[in-house]
Every structure is written in structure tokens, then in C-alpha cells.
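Taking it in order: structure first as C-alpha cells, then the write-up.
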Amino acid sequence: MAELPDLTVFARTLSHRFEGKLLKSMEIIVDKKLNVSGTELKKAVENKKLTGVDRVGKTLQFHFGNSGMLGLHLMLRGELKEIKADQELPKHTIAAFHFTGAEGFAIVDLLKQATLTLNPKENVVPDALLISEKELGVLLSKRSKKVKEVLMDQKAISGIGNSYADEILWDARISPLSVAREIPEKVVKQLHVSMKKVLKEAISKIGAENKNELMGELRDFMNIHGAHIKKSPTGYPIKSEKINGRTAYFTTEQKKYG
DNA sequence: GAATATGTTTAAAT
DNA sequence: CATTTAAACATATT
């Protein structure tokens, strides 16, 4: 999977490597997750110049000037891999982009769930990196769900997935089981700080590690989230519990509200 | 060989 | 009707 920090780095790397280049051809291997036909998609992007790559929520957006924009969601297991024209495509490739200069990248997903969306609807949900403390407070005050569910709700805040939700909540010392609307104002302030801090630190670590290569997600630096981690950095044993079918990792350092 | 990991959509159950 | 839960997706890794 890739969450906000990984995608931010991917967008930067892709811009650096391919921006301004002409997309000579696009191969579509799996077409069941497209919003238009393969032919239509190819027609929209082939022989167009890639003018920019952005991250929006958990998606990447590939801009082709006035010709349109292509949204990519990697879903659970999607990955991006660099390719050369004369090489065989990686296993489980869904689509491949070939630019001038015999270079390009492939979207690989063993689950075949990554989605490519031509000219997607504009995202109106606040981004986790941009949301203000006030917005976050208002959002939480309206929800009776568990705070972790709200953080991961892409219709509420975009960009946070299962692993970073755990990391952020540990950093803020808030139990993932807390009821969102019961979290006091002062603690919301801390949550807001932790959210930006954890995400920005992850971006900087992944960026430093990946340099200008498109690598899979890197999560060695996780403090809490991961079945192999036994203790928090402060020495507390890590507990786990399923929230909405996904595993939440946390410790007793984290206060439960409500 | 069973459990786990992972996001989203959709269906089913409460 | 609202809310919660589960299934589906496909496969590699532990």
C-alpha cells in the first residue's frame, strides 16, 4: 500500500523523472478498473506531454496539459516500477507508460485493484497535511465513531491509512478507541500537531531513502504499527485490536476518551 | 497450511 | 433509516 508520505515522494520522483517528456505509448494490461475504455484512455494520453504529477489524497494525478488528467489510486498493493523499453514488463503489471528516451514506469498490482481514472472529479475533502486545527476540531466534534475510523475516513480527511493512523495516534498519546467527539480541545490541538509531524517526518525519511528511484513503501521507521514491533519507543508493550476489520496497534500510554 | 496484510466499494445484517 | 460489520478483490510473506 502507499499512504500519503509514500505518494508524496512518488509524485516528486515522477515529476523529476518524467515531467516535460512525451508519453509515446501506454500499454494497458488489465482494463477492468478503468472508468473509460482502454482505447479511450490511450487516445487521451498517448503522444501528449506530461506536464505535472501531484498527490491528491491517496491518489496521484498525472497532468497532460489541456489534454486531460489521469488519476491513479494504488489501493492495497499497487506499486510503481521503473521500466526500460527493451525489458519485459514486471510481473502483475496493470499498465505501462513509455516515454521518449526508452524509459518509463509500470503500475504493478498483484491484487489488480489499482484504479486509473481519466479526468476524475475534483477532491473536496481536506488533505491531512493541509487541514487546519479548527477544521479538525469541527470534524471530530461531529462524529461519534472511534477517532481512528474518522482519521481513516477518506470522505472526512484524505491521505491517512491504517498504519499512519496508528503512528499519529501514538504520537499524540490518544487511544484509537477514543470516541472522536469526546476528545477535548487541548488534545485535538496535540493531535493536529502530531498529524503534521508524523507525516512530514515520514516524507523526509522516505524521500532521503528513495532518492530519485521509485521504490516500494518504506516503513522500517514505524514506532507502533507492525506485527513485529513488541514495545513502543518508550518501552510500553504494544497491544492490538481490530477496528473495522483492520488491526490497530497501540499502548496504554494512549488515553482513551469517552 | 493457516494467518496476515492492505483500501475501498458494496452488500448484508443489526 | 442509520449504523455497523463482512465479504470481495489476489497473492506473497510469515
Side-chain angles (χ1 to χ4, degrees), chain A residues 1-11 28-36 55-61 71-81 89-95 106-118 120-129 139-169 176-182 198-199 202 206 215-230 238-250 258:
Chain A
M1 156 240 46
E3 293 184 27
L4 185 149
D6 310 277
L7 291 163
T8 304
V9 174
F10 290 162
I28 299 169
I29 319 293
V30 178
D31 67 358
K32 63 172 184 173
K33 292 287 180 180
L34 307 179
N35 68 330
V36 295
R55 176 194 64 81
V56 173
K58 287 190 205 174
T59 71
L60 291 177
Q61 296 192 337
L72 168 67
H73 195 309
L74 293 172
M75 301 299 281
L76 285 166
R77 304 289 294 271
E79 293 173 59
L80 295 167
K81 293 200 171 148
L89 292 178
K91 213 174 174 181
H92 309 303
T93 294
I94 282 185
I107 301 164
V108 177
D109 182 3
L110 81 178
L111 289 187
K112 297 184 174 70
Q113 279 214 296
T115 59
L116 280 167
T117 313
L118 185 62
K121 276 188 298 222
E122 198 183 337
N123 179 40
V124 291
V125 177
D127 188 272
L129 270 186
L139 183 64
L140 293 172
S141 71
K142 284 193 281 198
R143 306 297 205 95
S144 55
K145 285 178 151 189
K146 296 181 186 75
V147 63
K148 180 169 177 183
E149 294 180 62
V150 179
L151 289 185
M152 289 175 63
D153 182 351
Q154 301 303 304
K155 294 190 180 73
I157 312 180
S158 59
I160 300 174
N162 197 34
S163 41
Y164 284 98
D166 283 349
E167 294 294 313
I168 291 165
L169 288 166
L177 304 169
S178 300
V179 176
R181 68 150 73 104
E182 301 294 333
V198 168
L199 295 173
I206 295 169
M215 306 210 310
E217 76 210 86
L218 184 80
R219 37 180 48 189
D220 304 345
F221 55 82
M222 293 266 158
N223 288 318
I224 292 294
H225 186 89
H228 61 289
I229 308 175
K230 301 294 176 220
I238 293 169
K239 304 188 289 178
S240 69
E241 190 170 319
K242 295 267 185 195
I243 296 179
N244 260 12
R246 315 239 84 89
T247 309
Y249 296 93
F250 57 100

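Everything quoted here is computed from the prediction, not taken from an experiment. A, B, ... follow the sequence lines: proteins, then strands. Residue 1 opens every chain.
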Closest-nucleotide 5' rank along DNA chain B - winner of A:Q154 and A:G226: A:G226

Close side-chain approach of A:L177 and A:I243, heavy atoms under 4.5 Å: yes

Gap between atoms CD and P, on A:E79 and B:dA5 respectively (whole Å): 18 Å

Test item: A:V108 and A:L80 side chains (from C-beta on) under 4.5 Å apart, heavy atoms: no

Partners passing side-chain hydrogen bond (donor to acceptor under 3.5 Å, both in side chains) against A:N123 (at least two apart in sequence or in another chain): none

Short side-chain N/O contact to B:dT8 OP1/OP2 from A:H73, under 4.0 Å: yes

Pairwise P distance for C:dA12 and B:dT8, with rounding to whole Å: 23 Å

Non-neighbouring partners of A:L111 that pass side chain to side chain contact (heavy atoms under 4.5 Å, CB included), sequence neighbours left out: A:L76, A:R77, A:D109, A:Q113

Nucleotide B:dT8, atom C1' - distance to CG of A:N162 in whole Å: 13 Å

Any A:K146 side-chain N or O less than 4.0 Å from OP1/OP2 of C:dT4: no

Ring geometry between A:F221 and A:Y164 (parallel below 30°, tilted from 30 to 60°, perpendicular above 60°): tilted

Residues that A:F250 engages under ring pair (Phe, Tyr, Trp, His ring centres under 6.0 Å), provided they are two or more places apart: none

Least distance between heavy atoms, A:M152 atom then A:A165 atom: CG-CB, 3.9 Å

Check: A:E241 and A:P176 side chains under 4.5 Å, non-hydrogen atoms: no

Nearest-angstrom distance from the residue atom CG of A:L7 to P of B:dG7: 11 Å

Runs of at least three consecutive pairs that involve DNA chain B, where pairs are Watson-Crick or G-U with distances under 3.5 Å: B:2-5 with C:11-14, B:7-14 with C:2-9

Side chains of residues 141-151 of chain A: which donor-acceptor pairs under 3.5 Å do they make with residues two or more places apart or in other chains?
{"from": "A:S141", "atom 1": "OG", "to": "A:G137", "atom 2": "O", "distance (Å)": "3.4"}
{"from": "A:S141", "atom 1": "OG", "to": "A:V138", "atom 2": "O", "distance (Å)": "2.7"}
{"from": "A:R143", "atom 1": "NH2", "to": "A:D153", "atom 2": "OD2", "distance (Å)": "3.1"}
{"from": "A:K148", "atom 1": "NZ", "to": "A:N162", "atom 2": "OD1", "distance (Å)": "2.6"}
{"from": "A:K148", "atom 1": "NZ", "to": "A:D166", "atom 2": "OD1", "distance (Å)": "2.7"}
{"from": "A:K148", "atom 1": "NZ", "to": "A:D166", "atom 2": "OD2", "distance (Å)": "3.4"}
{"from": "A:E149", "atom 1": "OE1", "to": "A:N244", "atom 2": "ND2", "distance (Å)": "3.2"}

Nearest-angstrom distance from the residue atom CG of A:N244 to C1' of C:dT3: 11 Å

Nearest listed nucleotide, side chain of A:T247, among C:dT4, B:dA5, B:dG7: B:dA5

Short side-chain N/O contact to B:dA5 OP1/OP2 from A:H225, under 4.0 Å: no

Set of residues satisfying side chain to side chain contact (heavy atoms under 4.5 Å, CB included) with respect to A:H73, sequence neighbours excluded: A:K58, A:T59, A:M75, A:T115

Value in whole Å for how far the P atom of B:dG7 lies from NZ of A:K242: 12 Å

Phosphate OP1/OP2 of B:dT6: any A:Y164 side-chain N/O under 4.0 Å: no

Whole-Å distance separating the CD1 atom of A:I160 from the C1' atom of B:dT8: 17 Å

Partners meeting salt bridge (Lys or Arg N to Asp or Glu O under 4.0 Å) with A:D127 (sequence neighbours left out): A:R55

Reading 5' to 3' through nucleotides 8-14 of chain C, protein heavy-atom contacts under 4.0 Å coded B for base, S for sugar-phosphate only, - for none: -BBBS--

Nearest-angstrom distance, P atom, B:dA3 to C:dA7: 14 Å

Residues forming a side chain to side chain contact (heavy atoms under 4.5 Å, CB included) with A:K32, sequence neighbours excluded: A:V30, A:K112

Between the protein and nucleotides 9-13 of chain B, which nitrogen or oxygen pairs come in under 3.5 angstrom?
none

Minimal non-hydrogen separation, A:I107 against A:L72, with atom names: CD1-CD1, 3.7 Å

B:dA5 and C:dA6, which share atom name P, separated by this distance in whole Å: 16 Å

Rounded distance in Å between the P positions of B:dT6 and C:dT14: 12 Å

Between C1' of B:dA5 and CD of A:E241, the distance in whole Å: 18 Å

Distance in angstrom units between A:D109 CG and B:dT8 P, rounded: 13 Å

